[in-house]
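Right, one structure below, let's go through it.
These numbers come from a predicted model, not from an experiment.
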Amino acid sequence: MSTLPPDEPQAHGVRINALPGHASIALDGASLPANTVTGYVLEHSVADALPMLVLHTRQPDHVAFEGLARVAVGVTKTPGELIAAFLAEVDPVLLDQAALNRADYGGGEGATARAMLATLREWVLGGKADT
């Protein structure tokens, strides 16, 4: 038996029965021990072939898993960090042009700032700004 990780992620049969405050999860037909899973995230984009299931587990007094696994560590960013990262990628020339060319640009005090903020709101939500 090889100890090298597989070239591609391996798919497993998953069954989740969930109610508020409780979930029972089975992988490949084997139920996970009660109270081992504290939460889960099931994510699937249409472009991907298979969904991804991330299990959040509790390790009480013994090891609940031993073996090879693909591991991804996610670091939660604060809203301020997310906004700063988004703004760092904004091209100021494009923002200026898009804001000044908006159909709703009204002129007057603060008009340019209002137009830029409206443009940024559209961009952050993935919308197409008026150009």
Closest heavy-atom contact between [X] and [Y]?
X	Y	value
Ala115	Arg102	O-CD, 3.4 Å
Ala98	Thr119	CB-CG2, 3.9 Å
Met116	Ala99	CG-CB, 3.6 Å

(request) Treating Ile, Leu, Val, Met, Phe, Trp and Tyr as nodes and any side-chain heavy-atom pair under 4.5 angstrom as an edge, say whether Leu95 and Leu125 lie in one connected cluster. (result)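 Yes, one cluster joins them.
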(request) Verify the cluster assignment for Leu27 and Leu42: are they in a single hydrophobic cluster under the rule of side-chain heavy atoms below 4.5 Å apart? (result)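 Hydrophobic grouping puts Leu27 with Leu42.
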Mind checking what makes side-chain contact (heavy atoms from CB on, under 4.5 Å) contact with [X], not counting sequence neighbours?
X	result
Arg121	Leu117, Ala118
Leu100	Asp96, Tyr105, Thr112
Asp28	His12

(message) List the residues meeting side chain to side chain donor-acceptor pair (under 3.5 Å) with Tyr40, not counting sequence neighbours, and say none if there are none.
(response)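 Here no residue qualifies.
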(request) List for me each residue that meets side chain to side chain donor-acceptor pair (under 3.5 Å) alongside Ser31, sequence neighbours excluded, and say none if there are none. (result)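 Listed in chain order: nothing, the list is empty.
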(request) Please tell me if the side chains of Leu32 and Leu55 come closer than 4.5 Å, counting only heavy atoms from C-beta onward. (result)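 SC-SC contact between Leu32 and Leu55 confirmed.
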For residues 14-21, please give each side-chain donor-acceptor pair under 3.5 Å, one per line with the distance, not counting sequence neighbours.
none

